[in-house]
Chemist: 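Before I ask anything, let me first share the structure, which is written out below as structure tokens.
In each ligand, atom 1 is the first atom listed, and ligand 1 is the first ligand listed.
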Amino acid sequence: MKRIGKVARRYKFFFLNPYQDVRFSYCPKCASKTKLRKVPLVIQIESQQPMVINKSCRYCPSCDLLIAHRDEVEKQLSSLIGQHQSVESSNIIGIIEKSEWRRNTSESMKTTEIFDGLYVFKQVLRFEPSTWIKLNVQWKGIES
Ligand SMILES: [Zn+2]
């Protein structure tokens, strides 16, 4: 099967944060301070049509790591479709360039438009806490 989507020029790495009490203002990989970035995420649940939500994410420029908080993604998606929807990292299939997204804000994007503008992540990462030192947490990557 042909791979859908180009590999992202930016945001090569992605992490869906499952920890509601951690907001990753520091990068779990290099411990630098992360920035806030609003990025249109493309979400596909099972065989349904893909949807795009413009989501505030955390971003570490040195690791090129984009972090979205799962509870916030679920909340935004659920209000869009009008029912609760749980989201796994496999459901977030990539991002749309901001310019593409702006062009389409007046109406919802068609599936073909979404796939045409889709950038996929090079790798989806997962982290779990390795040591908790009071409020300072050291994170380690999980091999998947
Ligand atoms: Zn980093």
Chemist: Provide the protein N, O or S atoms situated under 2.8 Å from the Zn ion (ligand 1); waters are not included.
Modeler: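 Protein N, O or S atoms closer than 2.8 Å to the Zn ion (ligand 1): Cys27 SG, Cys30 SG, Cys60 SG, Cys63 SG.
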
Chemist: Do Lys122 and Tyr11 meet the cation-pi criteria used here (NZ or CZ under 6.0 Å from the six-membered ring centre, within 45° of the axis)?
Modeler: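 Cation-pi check for Lys122 and Tyr11: fails.
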
Chemist: Applying side-chain contact (heavy atoms from CB on, under 4.5 Å), name anything that partners Thr112, two or more places apart in sequence or on another chain.
Modeler: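 Thr112 satisfies side-chain contact (heavy atoms from CB on, under 4.5 Å) with Lys110 once adjacent residues are dropped.
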
Chemist: Only counting residues at least two apart or in another chain, list the ones meeting side-chain contact (heavy atoms from CB on, under 4.5 Å) with Asp116.
Modeler: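 Checked Asp116 against side-chain contact (heavy atoms from CB on, under 4.5 Å); zero matches.
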
Chemist: Applying salt bridge (charged side-chain N to carboxylate O under 4.0 Å, His left out) to Glu72 and Arg23, what does each step give before you reach the verdict?
Modeler: CA-CA 11 Å; Glu72 292 182 1; Arg23 297 288 91 160; 3.4 Å; yes

Chemist: Tell me, yes or no, whether the heavy-atom count around Phe115 atom CZ, taken from other residues, nucleotides or ligands under 6.0 Å, exceeds 12.
Modeler: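 Check passes, neighbour count above 12.
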
Chemist: Under the ring pair (Phe, Tyr, Trp, His ring centres under 6.0 Å) rule, collect the residues that match up with Phe24, sequence neighbours excluded.
Modeler: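 Phe24 satisfies ring pair (Phe, Tyr, Trp, His ring centres under 6.0 Å) with Phe15, Trp139 once adjacent residues are dropped.
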
